[in-house]
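Per chain, numbering begins at 1; letters A, B, ... match sequence-line order. Since the model is a prediction, treat every value here as computed from it, not as a measurement.
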2 protein chains.
Amino acid sequence: MFEIFAQYLQSKIELSDQELKMIEEVCVVRKLRRNQYLLQEGDIWRYNAFITKGCLRTYSVDDRSMEHVLNFAIENYWIGDRESLLNGTPSRFNIDAIEDSTLLLISKENFAGLMKSIPQFQDLVNLIIERSFVAIQDRINNSISLNAEEKYIRFIEKQPQIALRVPQHMIASYLGMTPETLSRIRKQSSKKQ
Amino acid sequence: MFEIFAQYLQSKIELSDQELKMIEEVCVVRKLRRNQYLLQEGDIWRYNAFITKGCLRTYSVDDRSMEHVLNFAIENYWIGDRESLLNGTPSRFNIDAIEDSTLLLISKENFAGLMKSIPQFQDLVNLIIERSFVAIQDRINNSISLNAEEKYIRFIEKQPQIALRVPQHMIASYLGMTPETLSRIRKQSSKKQ
DNA sequence: AAAAGCACTTGATATATATCAAGTGCCTGA
DNA sequence: TCAGGCACTTGATATATATCAAGTGCTTTT
C-alpha cells in the first residue's frame, strides 16, 4: 500500500530510510468502494490524502440539487478540501469514489510535523500547491475564453487518462455544460476528423 | 513607499527590525502610469510583486484578439505570473495598470533567500498561496454553477472594492460575459430591488 | 435469463447570451 | 473650449446552449 506512495515521493525528493519511515508511520490506509464518500458537505476535512489506487471526484451541489464537478483525481494525485482544511470550516463540497479506491491519509497535525522535520517534503508540498494554482488558473482562463467544444478538446488534451475513465456526464459537469451538449459536441467533433 | 509593505507584513507576522531591513533591501520600487504594462505576453516573469498603490489586471488575449481578464489586484495584494515564475517559461498573459500604480518587486532569487532566512515569511507566503488556491477554486465553482446574473452578484459581494474602481467592460470580461450582457444584467438587477 | 436501472444519444423547442449596430453622455487631450 | 474617443446603454437579431422528452443499448441485480 505504502509502496506506491514511497515510490512517488522518491521520484520527487531524496529521502533517507528513516525519513521514509517517519512518513509511513503517520499514514492511514483508507479503502473506498465505488460511490462511497470520502467527504460529505458539512464535514470538516482534516487530512491530506494521497491516492494509491482508483479515481475520485470533488463536487458541489447547488440550490437546484445539481451536481458540479470541481475536480477529478487518480493514482499519484492528492485530494481533499483545502478550504476546509485551511480554515477549519465545514466543507461545501463532497468527495466520492468513482472507482474502488485506496488512499493514504495523513492528519493535518502529522502532516505539519513532517513538513517541519523534512525540508524536502516541505518544498515538495509547496511545489504541489504552486502547480495546482497554475493548473486551476489555466482552467479559469479556459472557462472564460473558450466555447463548449474548445473546452472539451482542451480537456482531452490535458487529461486524457481521466477522460478515458470517468463517465461522460461527469466530464460535462466538470466543463460546465449539460450532458446533452457534450454528447452533441462529441458527435460533431468526430465527424470533423 | 516601503512603509505600506512593512505595515502589511507586520500585520501578518512578527518581524525583527533586522529582518524587516533584510526585506527592504531587496525591494525595488516600480511605478506605472495608467495603461502601462508590468508584463507582456512572451516575457518571462522573474519577480514577486506587491502593490502599494493603484490597481492592475492580468489578462490573456485569444485567437480573435479578445481580451480575457484573469485577475484584478489592488493595494496590499500580490500580483505576477506564477506560471512563468515557476516554470521559467514565456508568459501567456499580460499585466497592465488600470490606475497609476506603485509596486515593490522582489526578484525570484532574493525572494527565495528571504523565505530561507525568515521562517515566518515562508509561512506567510505558503498561507497566501493556499488562500489564492481556495479563492480561485471558489471562482471555478461559480463559473460552472452560476448563470451570468448570479456570477455578477457574487462578484460584487466578494470584491466590492474592486467592483467600484474598474471599468465595467473589464468586469464583464473577468466574469466571462460580454459588456452588453453585463449592462443588461445590471439594469434588471437594479429594477428588482 | 429477465427486469431494472443507468448512461448516452437524438429530436424538438425554449432560453440565455452573443453579436451587430446605433445612440448618448462624459472625459480628455489638443 | 471644442472635437474625438471611450464607456456604457439599448434595440434587433442570431447563435449557442439548456431543457424536456423519448428511445436505445449496456450493465447489474435478482
task: Grab the CD-C1' distance between B:Gln188 and D:dG11 for me, whole Å please.
output: 14 Å

- request: Spell out yes or no: do the side chain of A:Arg184 and the base of D:dT19 have one donor N/O and one acceptor N/O closer than 3.5 Å?
  value: yes

message: Under 6.0 Å between ring centres: does that hold for B:Phe121 and B:Phe111?
response: yes

query: Where the side chain of A:Ser183 is defined as all heavy atoms beyond and including C-beta, which of C:dC8, C:dT9, D:dT10 is the nearest nucleotide?
result: C:dT9

query: So, is B:Lys187 close to the D:dT9 phosphate, meaning a side-chain N or O under 4.0 Å from OP1 or OP2?
result: no

- prompt: What about B:Glu180, does its side chain sit under 3.5 Å from the base of C:dC20 through a donor-acceptor pair?
  reply: yes

- request: Round to a whole Å and report the spacing from CG of A:Leu182 to P of D:dA18.
  value: 10 Å

message: Rounded to whole Å, how long is the line connecting atom CD1 of B:Ile144 with atom P of D:dA18?
response: 12 Å

statement: In whole angstroms, the gap separating C1' of D:dT10 from CD1 of B:Ile185 amounts to 15 Å

- line: Rounded to whole Å, CD1 of B:Ile98 lies from P of D:dC6 at a distance of 17 Å

- line: Regarding the side chain of A:Gln168, the nearest nucleotide among D:dT19, C:dT19, C:dC8 is C:dC8

- request: Output yes when B:Glu83 and A:Arg131 qualify as a salt bridge under the 4.0 Å nitrogen-oxygen rule, no when they do not.
  value: no

statement: Testing D:dT19, C:dA18, D:dT17 for proximity to the side chain of A:Ala148, the answer is D:dT17

query: B:Glu67 and B:Ser173: side-chain donor and acceptor closer than 3.5 Å?
result: no

- prompt: Does A:Thr181 make a side-chain N or O approach to OP1 or OP2 of D:dT17 shorter than 4.0 Å?
  reply: no

task: Name the residue closer to the 5' end of DNA chain C, choosing between B:Arg34 and B:Gly176 according to the nucleotide with the nearest heavy atom.
output: B:Gly176

- request: Could you tell me whether A:Asp81 and A:Arg92 make a salt bridge, using a distance below 4.0 angstrom between a side-chain N and a carboxylate O?
  value: no

message: What is the separation between atom CE on B:Met177 and atom P on C:dT19, rounded to the nearest whole Å?
response: 13 Å

message: Side chain of B:Arg186, heavy atoms from C-beta onward: which of D:dT9, D:dG11, D:dA7 has the nearest atom to it?
response: D:dT9

task: Calculate the interatomic distance between A:Asn35 atom CG and C:dC6 atom P; express it in whole Å.
output: 10 Å

- request: Decide, yes or no, whether a salt bridge links B:Lys116 with B:Glu109 under the criterion of side-chain N to carboxylate O below 4.0 Å.
  value: no

- prompt: A:Glu99 has an atom CD; how far is it from atom P of D:dT28, in whole Å?
  reply: 13 Å

